[in-house]
Amino acid sequence: MSQDEIRCIKCDNLVQKDLTYCIHCGTLLKPAPTSSPPPNQPTSSIPPPTTPIKAKTNVPYKTIIYFAVVALIDLIVSFLVMNGFALPTSSFGQLYLIFFFVVAFSLGLLWLAGANTSSRGGSGGGYEGCGYIIGAIVGIVIGIPIILVSIFSTIATSIGNAISEAINNAISDAFTDMFADVEIPGFEPLLFLGLFAMLSIIIMYRYHLKTKKNSLSN
Amino acid sequence: MNINKNSTKRNEYIQNRPILQLNNKTYKFSNSQLATFFIVSPILCISIYLFLGLRMNYWIYEFTSTFISFLLNLLFNLNSQVIIYPEQDIFPSIFIPNHPFDGIYAITINCIAGHIFSFIIGIILLVPSSKVGSSKKEFVWRKIKVLVISTSGIFLLNVFRIIFLLYFNFKGIPFEIIHESLFFLSAVIGALFFVIILEHWLPELFVSIYYLYRLIYSKVQ
């Protein structure tokens, strides 16, 4: 072995010292030059050892793309409806509600959890956890209110009437007049708050996984 | 003697509280902070909503209506006008001439997303700061940043929602359909925008909720 030759770390063959890649196996021999390599030069996926590893930023690209797709679907459906596409039921809002709360977000959560698990090399714990989350969301947001309303609607109405009557009697007319024009919000804020709650649950679940990982590594 | 004993007990109690380590930061909250956040913030949200509905705050609706009318005329040349009732408790309206339907739209508290602003302001103002890991000044600065960016972003999003709503309605699309559609779209974008901003600049909101869960979980166990 002359002074102009070195041994490849992978295939152990002798190669010229000034080469960047091994001519036998293509392994990177020394850090690549900072300027862009010529087009006919082979590229390697191994980063140069002197390059500092950048901190991984957690930009939720998949989530953003997912919501963009949902928005696109929203526009397409609106366009179809505007052009005479008739739904099987007159309650357009209810169908939308079902679509958003049950189908779209369940799929989104599953996708996010799957990506989370696969990026960590986990064994499906994310799917299991996400199943609980979806169950909780569907149960809390849709199931429980429906059951409560259907069972306790009569009782709730009478209690509500009694409370409002008591409040009306207790509070003076001046206070009632002050907020007489207050507009009671309809369904609009609930959608925003529901989405906010779901996204918060996803973030907190990610925190949970991180703390679990930290405690395991400790 | 008794005071010293109590203070020692208190110090021990504070030191024994769990510390969360997330994203190279440490978080620790006291019970009073968590209680304030979870009990007072809903009350504050409702109070802000009621406050926004008072007559003295009608300038907000008038300003928003004028801004919407200006942008409608600028972008689509609709010759819209704002109708303001200075002596009555009636919300301002936007009038669009040559309209296929009614052409008069009242801009109410829900139209300007008053409920969402109440929620955002009430939540952000009472987010607890961590006892360790960050200074008070830096935390307050982050709060102000999130407050300004989120409110202005959602204000603009809502303004453009109303602009497109009025324009499409003017073009002949039924109000209910375009209202529902644009409302769903803006709610999704707004919620996503708010959550991303919060996670980036004010993660204490989510961490404090998770911290409460950990506290309850440890007590139950």
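In what follows, chains are A, B, ... by sequence order, proteins preceding strands, each numbered from 1.
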Would you name the heavy atoms of [X] and [Y] that are closest together and state the gap between them?
X	Y	answer
B:V188	A:L195	CA-CD1, 3.5 Å
B:Q21	A:T211	O-CG2, 4.4 Å
A:L191	B:A187	CD2-CB, 3.5 Å

- [ ] Begin with the C-alpha distance, continue with both residues' side-chain angles, and end with the deciding distance and a verdict on side chain to side chain contact (heavy atoms under 4.5 Å, CB included) for A:F192 and B:H115.
- [x] CA-CA 10 Å; A:F192 182 90; B:H115 37 63; over 6 Å; no
Open item on the list: Can you tell me which of B:S186, B:G190, B:G172 forms the most heavy-atom pairs within a distance under 4.5 Å of chain A?
Closed with: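 The residue among B:S186, B:G190, B:G172 with the greatest pair count is B:G190.
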Please classify the contact between [X] and chain A as side chain, backbone, both or neither, with a heavy-atom cut-off of under 4.5 Å.
X	value
B:I90	neither
B:Y213	side chain
B:I154	side chain
B:F206	both
B:L22	side chain
B:R214	side chain
B:L198	side chain
B:F119	side chain

Open item on the list: Measuring from atom CZ of B:F194 to atom OG of A:S200, what distance do you get when rounded to the nearest 0.5 angstrom?
Closed with: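 Output value for this atom pair is 8.5 Å.
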TODO: Flag yes if more than 12 heavy atoms outside B:K171 fall under 6.0 Å of its NZ atom; otherwise flag no.
DONE: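 Atom NZ in B:K171 is not crowded, with 12 or fewer foreign heavy atoms closer than 6.0 Å.
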Task: pair B:I209-A:M204: side-chain heavy atoms closer than 4.5 Å - done: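 A side-chain contact exists here, since the closest heavy-atom pair is under 4.5 Å.
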